[in-house]
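Before any comments, here is the structure.
Computation of the quantities below employed the complete heavy-atom set of this structure, encompassing side-chain atoms and omitting hydrogens, waters and symmetry-equivalent molecules.
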Amino acid sequence: MKKSVFSTTLLSLVLLLGGYAQAQGIEAVYGLKFDSTSAVKAAMTELFEDDDLRGSKATLYAHDFGVPGDGSHTIVADYDGYAAREKRSKARMDSHGWAKYLLATQGSELVSADLVTVIKDYGKPRHTAGYLVAYTMRVGDPGRYVAALDKLHDAIGDPGVLRLVGIRSGPADVTHAVLIGAEDFVAANEYLDKLLTSDAYATFVNEVDDVRKIHNVAMYRRVGAWGY
């Protein structure tokens with residue numbers, strides 16, 4: 001019995017490390033409250049025209065369905081790693097573009113800020129999706145979850161984007177998120193219709209039900225992407 005428990009634990013660790021070996025970097029995810037989508041898009045466009053921000057990458061989303069809290073938009077900044085985040089953040093804070101952005105977005109409110117690690121991409125990068133569905137959850141056995149998600153993807157594919165991330169900050173009972181992205185609202189939800197009624201998904205649920213608890217499902221519309 002001890003040997004069986006050890007073997008299962010070792011397998012979970014190997015699978016999890018394998019996922020991290022394919023990592024695409026980290027993300028800083030900011031929930032904000034803006035009065036105008038067009039105004040914040042214009043402010044971000046002007047911000048990324050600053051030469052000091054060359055190489056920086058960010059995506060702006062408008063909240064659509066199921067998003068907790070009182071924010072209206074989410075900004076996701078992408079980095080190759082921890083050192084890159086520190087370098088890019090300093091460059092942004094010291095830039096004239098950042099001062100202009102703060103002036104243009106007076107009255108906005110920062111609702112949340114979280115650090116996310118990218119564990120695995122099954123499809124295209126997240127920013128390519130015009131519409132994004134995010135399942136936030138607690139996963140008690142990440143290795144087992146990754147193995148089941150691998151099999152699910154092999155069976156049914158993705159609508160363009162399927163990303164697994166680890167959540168490093170925020171409520172302790174939220175550890176991971178699965179991001180499903182497609183060209184638009186219609187494509188994303190038609191994929192979910194197919195996925196959630198499939199035999200492959202039923203098998204997936206059976207394999208992860210005792211190690212996964214879904215906390216929220218939220219939907220976002222991409223407004224703009226810069227630096228990619």
Side-chain heavy atoms of [X] within contact of [Y], under 4.5 Å:
X      : Y      : value
Tyr30  : Ser112 : no
His153 : Leu149 : no
Glu190 : Phe185 : no
Val76  : Arg126 : yes
Met44  : Trp226 : yes
Glu109 : Leu32  : no
His73  : Thr37  : yes
Leu115 : Ile26  : yes

Are [X] and [Y] close enough that a side-chain donor and a side-chain acceptor fall under 3.5 Å?
X      : Y      : value
Tyr101 : Ser95  : no
Arg222 : Thr59  : no
Asn216 : Thr136 : no
Tyr122 : Asp150 : yes
Asp158 : Tyr191 : no

Could you grab the distance from atom [atom1] of [X] to atom [atom2] of [Y], nearest 0.5 Å is fine?
X      : Y      : atom1 : atom2 : value
Arg92  : Lys87  : CZ    : NZ    : 15.0 Å
Arg212 : Met137 : CZ    : CE    : 7.0 Å
Ser108 : Phe34  : OG    : CZ    : 4.5 Å
Lys194 : Asn189 : NZ    : CG    : 13.5 Å
Asp70  : Lys33  : CG    : NZ    : 5.0 Å

Practice problem: Verify side chain to side chain contact (heavy atoms under 4.5 Å, CB included) between Leu53 and Leu47, making sure each step is shown before the conclusion. | Solution: CA-CA 8 Å; Leu53 272 75; Leu47 172 65; 3.6 Å; yes
Quiz item: Got a donor-acceptor contact below 3.5 angstrom from the Arg88 side chain to the Arg54 backbone?
Solution: yes
Quiz prompt | Sidechain-backbone polar pair: Thr128 side chain, Pro125 backbone, donor-acceptor under 3.5 Å | solution = yes
For atom [atom1] of [X], is the number of surrounding heavy atoms from other residues, nucleotides or ligands below 6.0 Å larger than 12?
X      : atom1 : result
Asp199 : CG    : no
Asp35  : CG    : no
His96  : NE2   : no

Might you point out which heavy atoms bring [X] and [Y] nearest each other, and give the distance in Å?
X      : Y      : value
Arg138 : Asp173 : CB-O, 3.0 Å
Ser198 : Leu195 : OG-O, 2.7 Å
Ile119 : Gly166 : CD1-N, 3.6 Å
Asp121 : Arg163 : OD1-NE, 2.7 Å
Asp50  : Gly97  : OD2-N, 2.6 Å
Pro159 : Gly181 : CG-O, 3.3 Å

Practice problem: Given side chain to side chain contact (heavy atoms under 4.5 Å, CB included), test Tyr220 with Asp64 step by step and report yes or no. | Solution: CA-CA 5 Å; Tyr220 306 84; Asp64 206 3; 6.0 Å; no
Exercise. Measure up the Phe204 and Tyr145 rings against each other and bin them: parallel (under 30°), tilted (30 to 60°), perpendicular (over 60°).
Key: perpendicular
Self-check item: Mutual orientation of the aromatic rings belonging to His127 and Tyr228 [parallel < 30°, tilted 30-60°, perpendicular > 60°]
Solution: parallel
Self-check item: Asp114/Glu27 under side chain to side chain contact (heavy atoms under 4.5 Å, CB included): CA gap, chis, key distance, verdict
Solution: CA-CA 8 Å; Asp114 288 298; Glu27 300 173 342; over 6 Å; no
Is there a continuous path of hydrophobic side-chain contacts, each under 4.5 Å between heavy atoms, that joins [X] to [Y]?
X      : Y      : result
Leu110 : Val67  : no
Ile214 : Leu162 : yes
Val217 : Ile180 : yes
Leu132 : Val165 : yes
Met93  : Phe48  : yes

Quiz item: For the rings on Tyr131 and Tyr61, is their centre-to-centre separation under 6.0 Å?
Solution: no
Self-check item: Check against side chain to side chain contact (heavy atoms under 4.5 Å, CB included), Glu207 and Lys151
Solution: CA-CA 10 Å; Glu207 292 177 345; Lys151 289 198 294 184; 2.6 Å; yes
Quiz item: Among Leu192, Asn206, Ile156, Leu152, which one satisfies side-chain contact (heavy atoms from CB on, under 4.5 Å) with Tyr201?
Solution: Leu152
Quiz item: Given Arg144 and Asp210, is the salt bridge (charged side-chain N to carboxylate O under 4.0 Å, His left out) satisfied, shown in steps?
Solution: CA-CA 11 Å; Arg144 181 171 156 191; Asp210 61 337; 2.5 Å; yes
